[in-house]
Asker: 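Pasting in a structure now, in structure tokens, and then I'll have a few things to ask.
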Amino acid sequence: MPIRKLCMTAAVFFLAASPALLLAEANAAASQPADTVLLDAMKKELHRAMTTLGKTGSDAANPAMTPYFMSYDVADAWTTSITAQYGAVLNSEQGHSRDVDVQVRIGDPKLDNTHGTHRSSAINSVTLPLADDIPAIEHTLWWATNRGYGNALATYLTVKTETQVRAKEEDTSPDFSITPPVTSIEPAVKPATVDRKLWEEKLSRLSGIFKQYPHVFSSSISMSVQDETDYLVSSEGSVVTTPYPLTRLIIFCSTRADDGMDLYREETFEARTPDGLPDDATITATINRLARELEALRVAPVTQPFNGPAILSGRAAAVFFHEVLGHRLEGQRQRGDEEGQTFTKDLGKQILPLFLSVSDNPTLASFNGIALSGHYSHDDEGQPARDVDLIQNGVLKTFLMSRQPIASFADSNGHGRAQTGYMPTGRQGNLIVSSTNQVPDAKLRQMLIDEAKKQGKPYGLFFEDISSGFAVTTRRSPQAYSVVPLMVYRVYVDGRPDELVRGVSIVGTPLASLNRIVVTGDKQDVFNGDCGAESGSIPVSAIAPAMLVSEMETQKQAQGTAKPPILPPPAADNSTGKESAK
Amino acid sequence: MMSHFKIRTALFAAALLVVSPLLLAQNASTTIPTDDPVLKAMQMELARSQAKLQLPGQLKPYFIQYRVEDLDSYDARADFGAVSQEHANHQRAVRVEVRVGDYNRDSSTGRGDGTLVLTSPDNNIDALRFSLWNATDMAYKSAVQQYTNKLAKLKGFEVPPSYDDFSHEKPVIHIEPLAHMDYDREAWKKRIEHTSGLFLHDAELGSFADQIQYSISSVSAQVLNRYTINTEGSVVRESRPIYRVTAGVGTQADDGMHLDRSYGASALTASALDSAAVVDKKVGELLIALRDLSNAPVVSEQYYGPVFFTGDAASDIFTELFAPNVEADRPDLGTTARTQGEYTSSYKQRVLPNFLNVVDDPTLKTWQGKQLIGAYEVDDEAVPAQKLDVVAHGLLQNYDICREPVRDFPQSNGHGRAAIAAASRSLVGVLVVRSSAPQSKQAMQQKLISEAKDAGLDSYYVADTLGSQLAPRMLYRVNVADGKRELVRGAVFDELDQRSLRTEITAAGDDAYVDNFLDNEHGDVPVTIIAPSLLFQEIGVKRATEEQQKLPYYPPPSVVAK
């Protein structure tokens, strides 16, 4: 099971935080002392590797054979995962895993084995002993380091050849930034004691609510706890321990319309411990809402292609900005022959309407009482997290940086993130969109109707909920994005009630769509989720107000071709079956 | 066509129980229990599906089969003396097979059709039925589509298949008691830690301990309870607990050659696995053998002559070269072959020397007190297991076959076996290879020497154990003149194939090596192969042409100084 790099506990208060935010973080994980026995074993073996590799035998004469940088990053994770469906437990597991990412760099910071397309040559991972058994830990680290060194060495030789035979690159930045070592020993997460019987019973009971909805063909409710502490040791002398407690409750249901279109609804609740999850009444209300929405969607009319004004709810706008903007501001995308580099040359230029600003602040643990997925104190290269102003009043200021430099920026700004097993790259944490051109949400709706009238359209669209599609940022594919709308309404200019429609997908090119935002609402909403990209899947959040867009292009979504189930679900079938099938 | 197999009845199985007290209490019953919620859910949903499931304008299914697999599993692994992984899970999955058409021609594609859905390990009837309903819907829709495609495809061939798509079999009711995991988790974790850390404290190993590159031990318990019911009226509940322990150590010789040794044991109960003392002794021997191997010379260039294979090695040969070819797999649509594999045209022909016989008897539960994990009473298509004469006097008499007939074999012989979550296919159960003229160890020895002398050779080879793809792990070159043995490394065999099985075996021993293993070619189905030591008159032994890998760039942390 891939281990996600997780957000951080509220136990860290060395960064200035407003009192309101401190009060809001009521659900904090318990802590215990960091595992210094593990740290000592890691330091000792890393030192032995650094002082022996490339220095013995025939290699002793060649300093180029010695790694100039190495690090060990251990993810020590305690997990619980319980899923229930249709009134019964589907799966219930608990486990403990320890994995180490070994990073080896050969060459020098200007040119090393991670150059160009070879970034992943620096990393390899292996499972570590679960207990602090020193000989076993040392042997395992040796084995993985040996493997990593061999790979790095072979790749470095390839890199050197490539730089000699290929054309000069556009971006000649170094491969690794120079930065002072970091020491930060935070307490480890004390794994939550999860009463499995209690949660199995609770989730079973709650999942049974879906039985009342005969057209919900598939549903589940699951709870997962991932209490992880990361231990990082580097040859530069960095020693960083970072706690990441994360608990989630996910409700999912799906159906299929008579024409074969698959439809689903989903809701995620996030907390630092199981105690922070919502109570039964809230979960029950959510289940009923999602099921009713799904039943309505199933029989809603299919939309037609549309080009006109639209409102994105705060939650939908948050997803939109994450996909359309966030990925394009990741540092390493500004470099590399394969990347589209949408905004690379736009530093200092206006790329959004002047009233919009975008920052990424992983130091924020929660927002308006909601725990934030993208919260961490130190990134996966041990760099302290920083609140970064990416876009100020519409003007592009900087990118999300790891320790991989780009032409415009030499240094990390604490956004080097990765899933276990991947090399860190610049990634989002908590993306925050704020606006100085705000109106109350009710006014926003009226402005949508006015704009539709102005454009001669019978309605405008309201996107209440959307899901991430994919973001294509490479040169070879057209610069398109596709997010998946889940709940979309037509807001008629003639005063008719709003009409739910299905089969909508948003298309467009990023630059154009961003600059058609006219005005925003005055409340920011939070979207928590996982983001997948080159350095793997990581937890993130995005925060944005609702937005009015003067022109949004939509098309019909691809249809599924399967029919809905022939027989009703067992609990809903009251007929005796004695009559012959027709 | 003459049938050579005899049908074992439940009475015979009961007689075996009386004779062998080491067996599990397999008191199989022919009464369907009324208190089993899983069976109840399956029966209710099957009845509903049989009565009502039909797409407008399409055929109703003529056959529906439900399978529910309840798997309670545990596994743990230790490296270098400490546990590194541990998983425990209890899951249940539903597998539904729907057939449209008729026994002669139906929707089956030959790729193992069936729809799989995860379901609840709780005994909640509604939840179980919900999963069955979902899976049945998907399976039926696929079957309707596949039936149309198949009929269209068959029109492209001149001669349709002469055999039925699905055999007619009598319904069977067979209910075994449920199995439960019986296993001291903490004790076993300590054992694998101890086993994987043996090299750290082995006095005999000396400084070679610093050359050990990996030392792993793992343990697993998989307790499967499987339910199968179908519209023909069969109701089967079978339990299959498998406990397994393994160990593996490895190093590299000075020239970079990887050297590996491993140990594994499987049984139906944890208590039947080797004791800690036995495992420690065996792993100690593996470590010394690794040291000896790394000091051993690389095998000389080339040799063609007699090779003696111990029972351990011989059972691997039968696993790799023989068993897959006596499993009847339907040939590609439109071809006239009987089955797939090397013995497709060997029915009633010679495949082994005339003194060798092979029987596949899944009803054989123990062999000289040892549990045989390949044994079962009813196969995974609800057909009773049959004892088969596979080879008699060297001539092939029978293939293992499931409910998918092939030319000359219209019925199943109870060898339709399924890996977890997979379709049933023709598979071996308990394969016993025996000589009608078994030779003592001394007689084998003398024959070896005389064959070598006759060929004008000054040495011959003895293969103790084999690794993957039949490459020898412990191979000795023996001097004809004085019988001196020398361990060699880096060899592979040449011409060890079906032809040499047929023509080169000149003697078989009076021993019997029992190999219990999980056949991972087919998703870990438990199999037993029992074979005697074998003497091949002429097999090639030559150097492997493997890439020599680099030795470690720096030494492991030293254990010797401590």
Side-chain angles (χ1 to χ4, degrees), chain A residues 45 48-49 52-56 59 84-98 127-133 135-143 145-146 149-150 153 200 204 207-208 211 217-218 562-563 565-571 573 575-582, chain B residues 41 44-45 47-56 60 77-92 118-134 136-138 140-141 193 196-197 200 212-215 549-550 552-557 559 562:
Chain A
E45 192 53 31
R48 190 178 79 90
T52 320
L53 272 171
K55 291 195 160 74
T56 54
D59 298 336
Q85 178 188 73
Y86 220 69
V89 168
L90 193 65
N91 194 44
S92 176
E93 282 183 280
Q94 256 175 340
H96 178 206
S97 63
R98 253 189 195 177
T127 53
L128 267 187
L130 296 171
D132 290 339
D133 182 310
I137 292 173
E138 288 177 350
H139 267 83
T140 308
L141 288 173
W142 160 77
W143 191 89
T145 309
N146 181 64
Y149 176 76
L153 189 63
E200 285 169 9
S204 295
S207 71
K211 281 191 202 180
F217 300 145
S218 176
K563 286 187 155 68
I566 299 161
L567 298 177
D573 189 348
S575 61
T576 55
K578 293 225 169 68
E579 63 269 25
S580 57
K582 293 187 172 54
Chain B
M44 287 170 79
E45 198 55 27
R48 185 171 84 112
S49 303
Q50 190 172 16
K52 294 159 58 163
L53 186 66
Q54 183 169 21
L55 275 169
K60 279 187 75 146
R77 172 181 153 150
D79 291 79
F80 302 122
V83 169
S84 56
Q85 290 178 41
E86 189 182 9
H87 309 105
N89 206 353
H90 182 200
Q91 285 189 308
R92 239 183 226 166
L118 202 61
T119 191
S120 172
D122 289 350
N123 288 334
N124 181 309
I125 292 186
D126 275 357
L128 290 165
R129 286 187 66 187
F130 186 75
S131 305
L132 288 163
W133 162 73
N134 250 318
T136 311
D137 189 78
M138 288 190 275
Y140 172 56
K141 286 167 177 165
E193 285 192 320
S196 67
L200 295 165
I212 299 295
Q213 293 185 1
Y214 70 83
S215 176
Q549 309 247 286
K550 267 206 86 75
Y553 293 94
Y554 69 121
V559 298
K562 295 176 186 144

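Residue numbering restarts at 1 for every chain, and letters A, B, ... go by the order of the sequence lines. Keep in mind that what you see is a predicted model, and the values were worked out from it rather than measured.
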Asker: Once you round to the nearest 0.5 Å, how far does CG of A:Asn146 lie from NZ of B:Lys550?
Answerer: 10.5 Å

Asker: Ignoring hydrogens and angles, tell me if any N or O in the side chain of B:Trp133 forms a donor-acceptor pair with the backbone of A:Ala571 under 3.5 Å.
Answerer: no

Asker: So B:Tyr553 and A:Tyr149, would you call those rings parallel, tilted or perpendicular, with 30° and 60° as cut-offs?
Answerer: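 Perpendicular, since the angle between the ring planes exceeds 60°.
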
Asker: Start with the C-alpha gap between A:Leu90 and B:Asp122, add the side-chain angles, then the distance that decides, and say whether side chain to side chain contact (heavy atoms under 4.5 Å, CB included) holds.
Answerer: CA-CA 8 Å; A:Leu90 193 65; B:Asp122 289 350; over 6 Å; no

Asker: Would you say the side chain of A:Pro570 lies within less than 4.5 Å of the side chain of B:Glu45, judging by non-hydrogen atoms?
Answerer: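 Yes; the side chains approach each other to less than 4.5 Å.
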
Asker: Check B:Gln85 against A:Leu130 and note the closest heavy-atom contact, atom names and distance.
Answerer: N-CD1, 4.1 Å

Asker: Identify which part of A:Ala84 has an atom lying under 4.5 Å from any heavy atom of chain B, answering side chain, backbone, both or neither.
Answerer: neither

Asker: Side chain, backbone, both or neither: which part of B:Leu132 has an atom under 4.5 Å from a heavy atom of chain A?
Answerer: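 Answer is neither: B:Leu132 stays 4.5 Å or more from chain A.
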
Asker: Which heavy-atom pair separates A:Asp133 from B:Gly81 by the least distance, and what is that distance?
Answerer: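 In this case the closest contact between A:Asp133 and B:Gly81 is OD2-O, 3.3 Å.
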
Asker: Which heavy atom of B:Pro555 sits nearest to which heavy atom of A:Thr52, and what is that distance?
Answerer: CD-CG2, 4.4 Å

Asker: Find the one option among A:Gln94, A:Lys211, A:Glu200, A:His96 whose heavy-atom pairs under 4.5 Å with chain B are most numerous.
Answerer: A:Lys211

Asker: Before you tell me yes or no, could you show the steps for A:Ile566 and B:Gln54 under side chain to side chain contact (heavy atoms under 4.5 Å, CB included), namely the whole-Å CA-CA distance, both residues' side-chain angles and the distance that decides it to 0.1 Å?
Answerer: CA-CA 7 Å; A:Ile566 299 161; B:Gln54 183 169 21; over 6 Å; no

Asker: Is any side-chain heavy atom of B:Pro557 closer than 4.5 Å to one of A:Arg48?
Answerer: yes

Asker: Quick check: closest heavy atoms across B:Ser131 and A:Gln85, and the distance to 0.1 Å?
Answerer: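 Here B:Ser131 and A:Gln85 meet closest at OG-OE1, 4.0 Å.
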
Asker: Which atoms of B:Asn134 come close to chain A, meaning under 4.5 Å heavy atom to heavy atom: side chain ones, backbone ones, both, or neither?
Answerer: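 Only the side chain of B:Asn134 comes within 4.5 Å of chain A.
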
Asker: If I compare all heavy atoms of A:Val89 with all of B:Pro121, which pair ends up nearest, and what's the gap?
Answerer: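 Looking at all heavy atoms of both residues, the closest pair is O-CD, 3.1 Å.
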
Asker: Go through the steps to decide whether A:Lys563 and B:Leu55 satisfy the test side chain to side chain contact (heavy atoms under 4.5 Å, CB included), and finish with yes or no.
Answerer: CA-CA 10 Å; A:Lys563 286 187 155 68; B:Leu55 275 169; 4.1 Å; yes

Asker: By a 4.5 Å heavy-atom criterion (distance strictly below it), what part of A:Leu153 contacts chain B: side chain, backbone, both, or neither?
Answerer: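 The side chain, not the backbone.
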
Asker: Closest approach of A:Leu141 and B:Tyr554, non-hydrogen atoms and distance?
Answerer: O-OH, 4.4 Å

Asker: Heavy atoms, side chains only, cut-off 4.5 Å: are A:Trp143 and B:Pro552 in contact?
Answerer: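 No, side chains not in contact.
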
Asker: For chain A, which candidate among B:Asn123, B:Thr119, B:Asp79 shows the most heavy-atom pairs at distances under 4.5 Å?
Answerer: B:Thr119

Asker: Need one label for B:Gln213: side chain, backbone, both or neither, based on atoms under 4.5 Å from any heavy atom in chain A.
Answerer: both

Asker: Determine the option with the most heavy-atom pairs under 4.5 angstrom with chain B, choosing from A:Ser92, A:Ser218, A:Ala136, A:Gly208.
Answerer: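 Sorted descending by pairs with chain B, the first entry is A:Ala136.
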
Asker: Between B:His87, B:Gln50, B:Lys141, who has the most heavy-atom pairs with chain A when the cutoff is under 4.5 Å?
Answerer: B:Lys141

Asker: At what distance, to the nearest 0.5 angstrom, does OG of B:Ser84 lie from CG of A:Leu128?
Answerer: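 One gets 8.5 Å once the value is rounded to the nearest 0.5 Å.
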
